Amino acid sequence: MSVRWETEGLQTVGIVCLVIMFLKLMHLLGLIDITETDSSDSDLELSTVRHQPEGLDQLQAQTKFTRKELQSLYRGFKNECPSGLVDEETFKTIYSQFFPQGDASTYAHFLFNAFDLDRNGSIRFEDFVIGLSVLLRGSVTEKLNWAFNLYDINKDGYITKEEMLAIMKSIYDMMGRYTYPCVKDDAPSEHVDKFFQKMDRNRDGVVTIEEFIETCQKDENIMNSMQLFENVI
């Protein structure tokens, strides 16, 4: 597997592809397995877990998954995470297995924070399934909002050059020797400069959600990347 970082807008495309890799890894681990279920399995089984998720009806209202899909997702999540929670170290361990030639810990930290909706240091089933719903079934705007949240490390509503540089360095660290051509030391900084030239419309040194979404919606490569989420599960 090799990855090229040459096309404008690949920062967002890269995020999309890497999240899809994460979703496929979840499938391999049994966390994602959307199949037909017995109609008698009418609700989430809650008896064996420490953290009990929201009721099935509430989760169905909050997401774009069917009742049967939620039941299947929950069974897979419970089998791999009997406590009902995934902490950051476990998440990093799982994610790093997919990138043995690089260091995925920093990127996994950023991705973990994007899924940890209530910022309590663990991913609940609700966090997991709501994130999946956005990535797999959400509108383009919803997916772009999710990507912006990933870039906005301190969650202040702006993407700074420092935040984008941290994200880009974490991506290169994770890909390790699989990046092609070989990564130059200044490659992350170059990509950050291109990102801000494209996204920072008013040249104030930060990228707002409005600038991010407007620019992405006008970029054919980024719009095509949003379709990569279709039919992942």
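Everything numeric here is computed off the predicted structure, so don't read it as measured data. The residues of the chain are indexed from 1 along the displayed sequence.
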*Describe, in one word, how the ring planes of F125 and F77 are oriented to each other, choosing from parallel (under 30°), tilted (30 to 60°) and perpendicular (over 60°).*
perpendicular

*Are any side-chain N or O atoms of Q60 and backbone N or O atoms of D57, one a donor and one an acceptor, separated by less than 3.5 Å?*
no

*Assess whether side-chain hydrogen bond (donor to acceptor under 3.5 Å, both in side chains) is satisfied between D173 and S170, documenting all intermediate values.*
CA-CA 5 Å; D173 288 344; S170 74; over 6 Å; no

*For T215 and R201, does a side-chain donor sit closer than 3.5 Å to a side-chain acceptor?*
yes

*Contact check, side chains of Y74 and L59, non-hydrogen atoms, under 4.5 Å*: no

*Keeping the roles fixed (side chain from S133, backbone from V129), state whether a donor-acceptor pair exists under 3.5 Å.*
no

*asked:* Is there a path of hydrophobic side-chain contacts, each under 4.5 Å between heavy atoms, that joins I209 and V206?
replied: no

_Within the structure provided, determine whether S122 and V86 are in side-chain contact (heavy-atom separation under 4.5 Å)._
no

*K92 to F112, cation-pi by 6.0 Å centre distance and 45° axis angle*: no

*Going through the distances and angles, do E214 and K218 end up as a salt bridge (Lys or Arg N to Asp or Glu O under 4.0 Å)?*
CA-CA 7 Å; E214 181 181 355; K218 294 179 180 179; 3.3 Å; yes

*asked:* So that I can tick it off, tell me whether D127 and R124 are bridged by a salt bridge, with the cut-off set at under 4.0 angstrom between side-chain N and carboxylate O.
replied: yes

*asked:* Main chain of D152, side chain of E163: is a donor-acceptor contact present, judged purely on distance under 3.5 Å?
replied: no

*Are more than 12 heavy atoms from other residues, nucleotides or ligands located less than 6.0 Å from atom OH of Y158?*
no

_Pair W146 + Y151: ring centers closer than 6.0 Å_ = no

*K64 and E69: salt bridge (Lys or Arg N to Asp or Glu O under 4.0 Å), yes or no, with the steps?*
CA-CA 10 Å; K64 297 182 181 180; E69 287 172 335; over 6 Å; no

